[in-house]
K.L.:
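Following this message is one structure expressed as structure tokens.
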2 protein chains.
Amino acid sequence: MANQVEREIFESYVRRNGGRVTPERLRLFDEIFSQHGHIDADRLYRAIRQDRKISRATVYRNLELLVDCGLVRRQRLGQRRYLYEHVHPGQAHDHLVCRVCDRVVEFMSPAISALQREIARAHGFDPAEHTLKISGICVGCASETEVAATGPSHRRSALRSTLS
Amino acid sequence: MANQVEREIFESYVRRNGGRVTPERLRLFDEIFSQHGHIDADRLYRAIRQDRKISRATVYRNLELLVDCGLVRRQRLGQRRYLYEHVHPGQAHDHLVCRVCDRVVEFMSPAISALQREIARAHGFDPAEHTLKISGICVGCASETEVAATGPSHRRSALRSTLS
DNA sequence: TCGTTATTGAGACTGATTCTCAATAGAGAC
DNA sequence: GTCTCTATTGAGAATCAGTCTCAATAACGA
Ligand SMILES: [Mn+2]
Ligand SMILES: [Mn+2]
Ligand SMILES: [Zn+2]
Ligand SMILES: [Zn+2]
């Protein structure tokens, strides 16, 4: 089976800390490692619900566990909820997020990673995780806006504009 | 008065968009430009409440306005709420956040900023804002933990440890 | 000064996440 | 396999930051 190594890591992490290997934990592990890309807690909950009973609380609790043992990354890419993705060691990457269509593009920059480590070191910081999110307008939305040419953008302004 | 330039920018932004310059808006502007560092909406609300009546909704609405016109930056540095800080143009900076004591250290890296612009360009992204947050253990908390040497860290584990 | 309409205040509402606690079930000992 | 201990679960309540509603107020151009 795929993800054998990660599964080992998970189970041994749980046992090493006096925890128990439960079907709920394994099911969540399988779900998040079968998905690919970013997914929120509720979608994981509903996906698992398809074939077994599980509670939301259990999903949240065990996502925390997966994050703690370094197999899953939790980030706020949108405004509201956290998104989760499983981690491939040595494949650190960051995100471009379009503020119009919410699409996420991943990129990898060893140069930025190195600079980050350097900065943390210079400040006596022991870095555990990082988030680099660049939000803006993606190429698709830029051209759409150009064509439509309908004012400032999709984002509702904080000022109640006169346009009805 | 200080912040004259920024105040100009704010008022003209508001008027240009058919908005009105209200005492609540000016008071919030003054508050966030008098503060220095990161502050949450509730603290701004309470600070303004000291000497004038204002509602929470008004604080939130007008913070959004200040963010929109580029005078204020809103970021999630902790887990829960947004933190706001006024922006000094051309002084882009990023953050190291200690996950034990929540202290925030700012740093500036023109090299990282340049790389970010380069990456956005390479993906046809028009970048509007960015967040780079490195979270870890600050030098103070590292030495404390070393002295205490009491297990994994302050962070409660998702596993109910046997220690009472 | 007047009229239009953007803004405000109070409180209801939302929604993601966390908490509570009784019932359940891993897993080590025998 | 059975027993025991206690970590984990499920269901729903609670939390909490932030957003929305709508009637009353007040900018500001005419
Ligand atoms: Mn990703
Ligand atoms: Mn800052
Ligand atoms: Zn887009
Ligand atoms: Zn610290």
Side-chain angles (χ1 to χ4, degrees), chain A residues 10-29 38-46 48-49 52-68 72 74-84 155-164, chain B residues 10-29 38-46 48-49 52-68 72 74-84 155-164:
Chain A
F10 185 39
E11 294 199 20
S12 73
Y13 176 87
V14 168
R15 288 199 229 274
R16 184 167 359 109
N17 289 89
R20 292 167 186 180
V21 175
T22 66
E24 291 82 5
R25 283 181 176 164
L26 296 178
R27 186 67 184 73
L28 178 65
F29 174 94
H38 306 90
I39 185 165
D40 65 58
D42 194 60
R43 273 166 50 100
L44 287 164
Y45 166 73
R46 281 182 285 117
I48 296 172
R49 267 285 167 130
R52 87 176 333 279
K53 184 162 66 63
I54 196 167
S55 91
R56 272 199 175 73
T58 297
V59 171
Y60 279 105
R61 285 186 290 235
N62 291 324
L63 279 171
E64 188 187 343
L65 196 55
L66 285 161
V67 169
D68 285 353
V72 164
R74 180 179 85 155
Q75 272 171 300
R76 285 192 196 269
L77 296 178
Q79 304 288 293
R80 294 193 107 64
R81 47 201 140 180
Y82 283 109
L83 293 180
Y84 298 82
R155 284 165 55 84
R156 179 187 42 41
S157 160
L159 289 164
R160 178 189 294 188
S161 140
T162 316
L163 337 162
S164 77
Chain B
F10 185 38
E11 292 198 21
S12 73
Y13 176 87
V14 168
R15 288 200 230 273
R16 183 167 359 110
N17 289 89
R20 293 167 184 182
V21 176
T22 65
E24 291 82 4
R25 283 181 176 164
L26 296 178
R27 184 67 183 74
L28 177 66
F29 174 94
H38 307 90
I39 185 165
D40 64 58
D42 193 60
R43 274 165 50 98
L44 287 164
Y45 166 71
R46 283 182 283 119
I48 296 172
R49 266 287 167 126
R52 87 177 333 280
K53 183 161 67 60
I54 196 168
S55 92
R56 256 178 243 280
T58 297
V59 171
Y60 279 107
R61 285 186 290 236
N62 290 324
L63 278 171
E64 187 186 343
L65 196 55
L66 285 161
V67 170
D68 284 354
V72 165
R74 179 180 86 155
Q75 271 172 301
R76 285 192 196 269
L77 296 178
Q79 303 289 292
R80 297 192 105 66
R81 49 201 140 180
Y82 284 109
L83 292 180
Y84 299 83
R155 284 165 54 85
R156 177 186 47 37
S157 158
L159 289 164
R160 178 190 295 187
S161 141
T162 316
L163 336 164
S164 76

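Protein chains get the first letters and strands the later ones, always in sequence-line order, with residue 1 at the start of each. Excluded from the calculations below are hydrogen atoms, water molecules and symmetry mates; all remaining heavy atoms, backbone and side chain alike, are included.
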K.L.:
When you get a sec, tell me which of C:dT7, C:dG11, D:dG18 is the closest nucleotide to the side chain of B:A57?
P.N.:
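Selected nucleotide: C:dG11.
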
K.L.:
What is the distance from CG of B:L63 to P of C:dT7, rounded to the nearest Å?
P.N.:
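So the CG-P distance, B:L63 to C:dT7, works out to 15 Å.
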
K.L.:
Are B:R61 and B:T58 close enough that a side-chain donor and a side-chain acceptor fall under 3.5 Å?
P.N.:
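B:R61 vs B:T58: donor-acceptor pair found between side chains.
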
K.L.:
I need the CG-C1' distance between B:D40 and D:dA17, as an integer number of Å.
P.N.:
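These atoms are roughly 10 Å apart.
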
K.L.:
A:E11 versus A:V14: any side-chain heavy-atom pair under 4.5 Å?
P.N.:
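Heavy-atom side-chain distance check fails, nothing below 4.5 Å.
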
K.L.:
Can you check the B:R25 CZ to C:dT8 C1' distance for me, whole Å?
P.N.:
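Taking CZ of B:R25 and C1' of C:dT8, I get 10 Å after rounding.
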
K.L.:
With heavy-atom distances below 4.5 Å as the criterion, would you say the side chains of A:H38 and A:L77 are in contact?
P.N.:
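Sidechains of A:L77 and A:H38: in contact.
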
K.L.:
For A:Y45 and A:I54, work out which heavy atoms get closest and say how close.
P.N.:
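The pair with the smallest heavy-atom distance is CE1-O, 3.4 Å.
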
K.L.:
Give a yes/no on whether any side-chain N or O of A:T58 is located under 4.0 angstrom from OP1 or OP2 of D:dG10.
P.N.:
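Checking D:dG10 against A:T58, a side-chain N or O does come within under 4.0 Å of OP1 or OP2.
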
K.L.:
Roughly how bent is the helix from C:dT1-D:dA30 to C:dC30-D:dG1 end to end, in steps of 10 degrees, with each end axis from five pairs?
P.N.:
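Inter-axis angle at the ends, rounded: 40°.
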
K.L.:
How many whole angstroms separate atom CZ of B:R74 from atom C1' of D:dT19?
P.N.:
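The answer, rounded to whole Å, is 11 Å.
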
K.L.:
It should be established whether A:N62 places a side-chain nitrogen or oxygen under 4.0 Å from OP1 or OP2 of nucleotide D:dT9.
P.N.:
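So the side chain of A:N62 is within the cut-off, an N or O lying under 4.0 Å from OP1 or OP2 of D:dT9.
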
K.L.:
Distance check needed: D:dT8 P versus A:L65 CG, whole Å only.
P.N.:
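Going from CG in A:L65 over to P in D:dT8 covers 8 Å.
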
K.L.:
Going by the salt bridge (Lys or Arg N to Asp or Glu O under 4.0 Å) test, name the single residue among B:R80, B:R56, B:R81 that passes it with B:D42.
P.N.:
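Of B:R80, B:R56, B:R81, salt bridge (Lys or Arg N to Asp or Glu O under 4.0 Å) with B:D42 is met by B:R56 alone.
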
K.L.:
Can you measure B:F29 atom CZ to C:dT7 atom P for me and round it to whole angstrom units?
P.N.:
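Atom CZ in B:F29 sits about 17 Å away from atom P in C:dT7.
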
K.L.:
Quick check: closest heavy atoms across A:A41 and A:L63, and the distance to 0.1 Å?
P.N.:
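A:A41 and A:L63 have their closest heavy atoms at CB-CD1, 4.0 Å.
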
K.L.:
Contact class for B:R49 vs. all strands (heavy atom < 4.0 Å): base, sugar-phosphate, or nothing?
P.N.:
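Answer is sugar-phosphate: B:R49 comes under 4.0 Å of backbone atoms only.
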
K.L.:
Please state how far atom CG in A:L159 lies from atom C1' in C:dT8, giving the value in whole angstrom units.
P.N.:
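The answer, rounded to whole Å, is 14 Å.
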
K.L.:
Just jot down the side-chain contact (heavy atoms from CB on, under 4.5 Å) partners of B:R52, sequence neighbours excluded, or say none.
P.N.:
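Applying side-chain contact (heavy atoms from CB on, under 4.5 Å) to B:R52 gives B:P23, B:E24, B:R27, B:I48.
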
K.L.:
If I compare all heavy atoms of B:Q79 with all of B:R76, which pair ends up nearest, and what's the gap?
P.N.:
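Heavy-atom minimum between the residues: O-NH1, 4.4 Å.
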
K.L.:
Would you give a per-nucleotide map of nucleotides 21-30 of chain C, 5' to 3', where B means the base has a protein non-hydrogen atom under 4.0 Å away, S means only the sugar-phosphate does, and - means neither?
P.N.:
----BBS---

K.L.:
If you find the nucleotide of DNA chain D closest to B:Y82 and the one closest to A:V59, which residue's nucleotide is nearer the 5' end?
P.N.:
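Counting from the 5' end, the first nearest nucleotide belongs to A:V59.
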
K.L.:
Does C:dT17 have its OP1 or OP2 closer than 4.0 Å to a side-chain nitrogen or oxygen of A:Y60?
P.N.:
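Checking C:dT17 against A:Y60, a side-chain N or O does come within under 4.0 Å of OP1 or OP2.
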
K.L.:
Atom OH of A:Y45 to atom C1' of C:dG15: distance rounded to whole Å?
P.N.:
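Taking OH of A:Y45 and C1' of C:dG15, I get 15 Å after rounding.
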
K.L.:
With a 4.5 Å limit on heavy-atom distance, are the side chains of A:F10 and A:R25 in contact?
P.N.:
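With C-beta onward as the side chain, the pair touches.
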
